Amino acid sequence: MTKNLLCFDLDGTLTRRELLPLIANEVGLEHEFEVLTKLTVEGTISFEESLRLRFAILKNIPVDIVQQIICHAELFGKIIEFIRNNSERCFVITGNLDIWIETLMKNLGCRYFSSKVTASDNRLQSLDYILNKSTAINVLKRDYPQHNIIAFGDGLNDYPMFEAADKSVAIGLTHQPSRVLISKSNYVIYEEEALCRLLNTL
């Protein structure tokens with residue numbers, strides 16, 4: 001029988017706030033990130049360019065401080081509970097940095113795909129790999145050929161994941177999802193309870 005694999009964006013889909021602006025606010029760099037976020041949302045710069053700039057701004061913040069900020073980020077509890085109860089078929093696909101989110105991902109208990117960095121002495125050293133979310137979907141298609149893949153996300157950088165998945169759900173829990181993303185979606189959901197009802201049917 002064909003089963004569904006469920007692939008979730010992290011920022012704004014599982015977390016109640018975008019993580020990079022949250023980190024920036026905690027370390028007094030909110031203005032810089034407001035400008036970058038605006039340029040990225042408007043498509044003036046690409047997600048990859050934006051991530052490289054954010055990396056340059058935040059690379060000297062101690063890694064353990066960023067990990068603590070992320071671990072204390074408020075999550076959508078009912079969705080998190082679903083993922084923990086179905087960890088064998090749930091995946092997180094995020095452009096965020098592996099070393100920053102590893103503790104949070106361990107708490108979720110599911111497999112994840114992310115961008116990769118090199119770090120030493122509690123500092124980021126280099127940004128080595130920026131995840132294209134379609135790559136993660138294609139890996140799952142290779143590893144689980146008998147499964148359908150359903151993607152959940154809210155931002156323009158989720159579009160490659162939506163293109164590669166069998167079905168997709170645009171999420172508007174923290175802000176209005178990208179119009180481009182909505183155009184590619186099978187469903188658009190704005191409430192956590194409604195999303196959980198859908199998840200329990202998949």
Side-chain angles (χ1 to χ4, degrees), residues 6-37 40-41 46-133 135-136 139-140 151-158 161 171 173-175 192:
L6 310 176
C7 296
F8 298 89
D9 169 49
L10 178 60
D11 293 44
T13 300
L14 302 183
T15 65
R16 291 184 180 270
R17 292 182 62 187
E18 297 284 334
L19 290 177
L20 289 178
L22 177 63
I23 296 165
N25 290 345
E26 292 288 336
V27 297
L29 294 168
E30 55 270 27
H31 174 70
E32 290 85 344
F33 270 70
E34 283 176 9
V35 173
L36 270 176
T37 298
T40 306
V41 169
S46 69
F47 174 76
E48 180 172 334
E49 291 171 317
S50 177
L51 185 60
R52 290 190 185 281
L53 287 169
R54 294 175 197 221
F55 174 86
I57 293 169
L58 294 176
K59 68 178 295 184
N60 291 319
I61 308 300
V63 169
D64 58 356
I65 289 178
V66 177
Q67 289 174 335
Q68 289 172 26
I69 293 169
I70 290 177
C71 283
H72 287 93
E74 190 176 359
L75 308 174
F76 288 103
K78 293 177 182 178
I79 304 171
I80 298 302
E81 181 181 5
F82 176 89
I83 291 173
R84 285 174 174 152
N85 291 336
N86 297 272
S87 59
E88 75 287 346
R89 64 189 188 100
C90 289
F91 303 83
V92 172
I93 299 178
T94 175
N96 220 313
L97 307 183
D98 53 354
I99 195 168
W100 281 353
I101 64 170
E102 63 182 5
T103 302
L104 175 60
M105 291 299 101
K106 285 178 183 176
N107 290 336
L108 284 187
C110 65
R111 185 177 170 187
Y112 68 97
F113 299 83
S114 67
S115 299
K116 299 182 184 299
V117 297
T118 297
S120 65
D121 297 325
N122 205 28
R123 294 290 194 279
L124 301 180
Q125 301 298 320
S126 62
L127 178 56
D128 304 325
Y129 169 73
I130 297 176
L131 177 71
N132 182 311
K133 294 189 176 186
T135 301
V139 168
L140 292 176
F152 301 81
D154 65 345
L156 190 59
N157 68 311
D158 293 314
M161 176 167 71
I171 304 299
L173 300 184
T174 58
H175 50 71
E192 183 179 11

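Just so we're clear, the structure is a prediction, and the values are computed from it rather than from any experiment.
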>> For Gln67 and Leu104: C-alpha separation, side-chain torsions, deciding distance, then whether side chain to side chain contact (heavy atoms under 4.5 Å, CB included) applies.
In response: CA-CA 8 Å; Gln67 289 174 335; Leu104 175 60; over 6 Å; no
Side chain to side chain, [X] and [Y], heavy atoms closer than 4.5 Å:
X: Phe113; Y: Thr94; answer: no
X: Asn157; Y: Glu48; answer: no
X: Trp100; Y: Leu124; answer: yes
X: Leu36; Y: Ile57; answer: yes
X: Phe33; Y: Leu58; answer: yes

> Does Thr118 offer a backbone N or O that forms a donor-acceptor pair with the side chain of Asp128 under 3.5 Å?
Replying inline: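 Looks like yes, one N/O pair under 3.5 Å.
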Using residues 8-24 as the side-chain source, report each donor-acceptor pair under 3.5 Å to any protein atom, sequence neighbours left out, with the distance given to one decimal.
from: Asp9; atom 1: OD1; to: Lys133; atom 2: NZ; distance (Å): 2.9
from: Asp9; atom 1: OD2; to: Thr13; atom 2: OG1; distance (Å): 3.0
from: Asp11; atom 1: OD2; to: Leu19; atom 2: N; distance (Å): 2.8
from: Thr15; atom 1: OG1; to: Gly12; atom 2: N; distance (Å): 3.0
from: Thr15; atom 1: OG1; to: Arg17; atom 2: O; distance (Å): 2.6
from: Arg16; atom 1: NE; to: Glu74; atom 2: OE2; distance (Å): 3.4
from: Arg16; atom 1: NE; to: Leu75; atom 2: O; distance (Å): 3.2
from: Glu18; atom 1: OE2; to: His175; atom 2: NE2; distance (Å): 3.1

>> Checking Ile101 against Ile70 for the side chain to side chain contact (heavy atoms under 4.5 Å, CB included) test, could you report, in this order, the C-alpha distance in whole Å, the side-chain angles of both residues, the deciding distance, and whether it holds?
In response: CA-CA 7 Å; Ile101 64 170; Ile70 290 177; 4.2 Å; yes
Shortest non-hydrogen contact from [X] toward [Y]:
X: Cys110; Y: Cys90; value: CB-O, 3.3 Å
X: Leu51; Y: Ser115; value: CD2-OG, 3.8 Å
X: Asp158; Y: Asp154; value: OD2-N, 2.9 Å
X: Phe47; Y: Gly95; value: CZ-CA, 4.0 Å
X: Asp98; Y: Val117; value: OD1-N, 3.3 Å
X: Ile79; Y: Glu192; value: N-OE2, 3.4 Å

>> Under 4.0 Å between a side-chain nitrogen and a carboxylate oxygen: does that hold for Glu102 and Lys106?
In response: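 Here Glu102 does not pair with Lys106 in a salt bridge, since their nearest N and O are not under 4.0 Å apart.
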> Quick one: salt bridge (charged side-chain N to carboxylate O under 4.0 Å, His left out) pairs with a partner in residues 108-127, sequence neighbours left out?
Replying inline: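 Sorted result for residues 108-127: Arg111-Asp143.
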> Can you list every salt bridge (charged side-chain N to carboxylate O under 4.0 Å, His left out) pair that touches residues 79-95, not counting sequence neighbours?
Replying inline: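 Sorted pair list comes back empty.
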>> Suppose we screen for side-chain contact (heavy atoms from CB on, under 4.5 Å). Which residues come up paired with Ser120, at least two apart in sequence or across chains?
In response: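 Partners of Ser120 by the side-chain contact (heavy atoms from CB on, under 4.5 Å) criterion, ordered by chain and then number, come out as Gln125.
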Hey, what do you get for [atom1] ([X]) to [atom2] ([Y]), rounding to the nearest 0.5 Å?
X: Ile83; Y: Leu6; atom1: CD1; atom2: CG; value: 8.5 Å
X: Ile80; Y: Asn107; atom1: CD1; atom2: CG; value: 10.0 Å
X: Cys7; Y: Ile93; atom1: SG; atom2: CD1; value: 4.0 Å

> Where do Gln68 and Thr103 land on the side chain to side chain contact (heavy atoms under 4.5 Å, CB included) test, with the steps shown first?
Replying inline: CA-CA 9 Å; Gln68 289 172 26; Thr103 302; over 6 Å; no
>> Among residues at least two apart in sequence or on other chains, which ones pass salt bridge (charged side-chain N to carboxylate O under 4.0 Å, His left out) with Arg54?
In response: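 None.
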> Under the salt bridge (charged side-chain N to carboxylate O under 4.0 Å, His left out) test, which residues partner Glu32, sequence neighbours left out?
Replying inline: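 None.
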> Given Thr135 and Tyr129, is the side chain to side chain contact (heavy atoms under 4.5 Å, CB included) satisfied, shown in steps?
Replying inline: CA-CA 12 Å; Thr135 301; Tyr129 169 73; 4.0 Å; yes
